[in-house]
Amino acid sequence: MRVSELIRGNFQLIMIMLAWLIVGAYLGSVHFIFITATLVLFNFKNLTADMLMGFIFILVLSDSLETGTSFAKSYKNIYIILLFLFFIADVNNRQVFVNYYLLFIPYFIMGLIGLYYSPAMGTSAQKLLSYVLLYIIVPNYVIGAYLKGGKYFFGDLIFFLFIIMA
């Protein structure tokens, strides 16, 4: 698949993410409404791959030291909770449910025990919850996107990661 075909096939998602970046950088708290509205639209249209790639985009932005991307630091927790709520609302319609997270229960328990010794219990609890949700949601979204898009999903994902990291 050629790069021009990948750009054409993902043009809408690229423009939406660019809009997220512009709204988040220049319009203050409006990004909460704007990104949430687009996620609801993605979910309504069953665009699992777009929701997953949007999550990766927000995570990459949240690690940036640029001041214009600081909105992503505050929104990444909301994003994972929204993905979880969409996942729970649609759990009966899923063709496959991946129980991958069960392998990590001992580590989650150790994290829970570690909360007791943490000087920043609130932040530690948020991070633990985020990791639990990540291990439940991301494998299921990847499998769902693969079942919907086939091998083209992985091509799009690799292209997206390449563009994000470039």
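FYI, side chains are in, hydrogens and waters are out, and symmetry mates aren't considered; it's all heavy atoms of this structure.
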Counting only heavy atoms not in Phe154 (residues, nucleotides, ligands), do more than 12 fall under 6.0 Å from its CZ? yes

Evaluate the side-chain proximity of Phe87 to Ile136: yes if any heavy-atom separation is below 4.5 Å, no if none is. yes

Would you confirm whether the ring centroid of Tyr131 sits within less than 6.0 angstrom of the ring centroid of Phe104? no

About how many Å separate CG of Leu52 and OH of Tyr146, when rounded to the nearest 0.5 Å? 15.5 Å

Determine the minimum heavy-atom distance between His31 and Ser74, stating which atoms define it. NE2-OG, 3.8 Å

Note: Ala72 and Leu61 closest approach over all heavy atoms is CB-CB, 3.6 Å

Closest non-hydrogen contact found for Lys45 with Lys148 is O-NZ, 4.1 Å

Any chain of hydrophobic side-chain contacts (each under 4.5 Å) joining Ile113 to Met121? no

Could you tell me whether the side chain of Phe153 reaches within less than 4.5 Å of the side chain of Val142, counting heavy atoms only? yes

Non-hydrogen atoms of Met51 and Tyr141 that approach each other most closely: CE-CE2, 3.5 Å

Evaluate the side-chain proximity of Asp156 to Met53: yes if any heavy-atom separation is below 4.5 Å, no if none is. yes

Is it the case that the side chain of Thr123 and the backbone of Ala120 share a donor-acceptor pair, with hydrogens and angles ignored and the cut-off at 3.5 Å? no

Here's a test for you: under side-chain contact (heavy atoms from CB on, under 4.5 Å), which of Leu115, Leu112, Leu129 qualifies with Ser124? Leu115

Interatomic distance, Leu82 atom CG to Asn43 atom CG [nearest 0.5 angstrom]: 9.5 Å

Roughly how far apart are Leu47 CG and Gln12 CD, rounded to 0.5 Å? 7.5 Å

Close side-chain approach of Ile22 to Leu18, heavy-atom, < 4.5 Å: yes

Donor-acceptor pair, Asn46 side chain versus Phe42 backbone, under 3.5 Å? no

Could you tell me whether the side chain of Lys73 and the main chain of Ser64 form a donor-acceptor pair under 3.5 Å? yes

Pairing donors with acceptors under 3.5 angstrom, does anything connect the side chains of Tyr79 and Thr36? no

Cluster link Ile56 to Ile158, ILVMFWY, side chain under 4.5 Å: no

Pair Val132-Tyr107, side chain to side chain contact (heavy atoms under 4.5 Å, CB included): steps then yes or no: CA-CA 10 Å; Val132 169; Tyr107 299 103; over 6 Å; no

Output the distance between atom CD1 (Ile58) and atom CD1 (Ile80), rounded to the nearest 0.5 Å. 12.0 Å

Check whether Val23 and Ile78 end up in the same hydrophobic cluster, where Ile, Leu, Val, Met, Phe, Trp and Tyr are linked by side-chain heavy atoms less than 4.5 Å apart. yes

Test of understanding: clusters of I, L, V, M, F, W, Y form through side-chain heavy atoms closer than 4.5 Å, transitively. Do Leu134 and Ile109 belong to the same one? yes

Which atom pair, heavy atoms only, marks the closest approach of Phe108 to Leu128? O-CD1, 4.0 Å

Would you compute the distance between atom OH of Tyr26 and atom CG of Leu21 and round it to the nearest 0.5 angstrom? 8.0 Å

Between Phe57 and Ile33, is there shared hydrophobic-cluster membership here, with clusters defined by ILVMFWY side-chain heavy atoms closer than 4.5 Å? no

More than 12 heavy atoms from other groups under 6.0 Å of CE on Met15: yes

Can you name the closest pair of heavy atoms from Ser130 and Asn77 and give their distance? OG-OD1, 3.7 Å

Nearest 0.5 Å please: distance from the CZ atom of Phe71 over to the CZ atom of Phe34. 10.5 Å

Quick one: do Ile137 and Phe86 satisfy side chain to side chain contact (heavy atoms under 4.5 Å, CB included)? Show the steps, please. CA-CA 10 Å; Ile137 294 169; Phe86 296 150; over 6 Å; no

For atom NZ of Lys76, is the number of surrounding heavy atoms from other residues, nucleotides or ligands below 6.0 Å larger than 12? yes

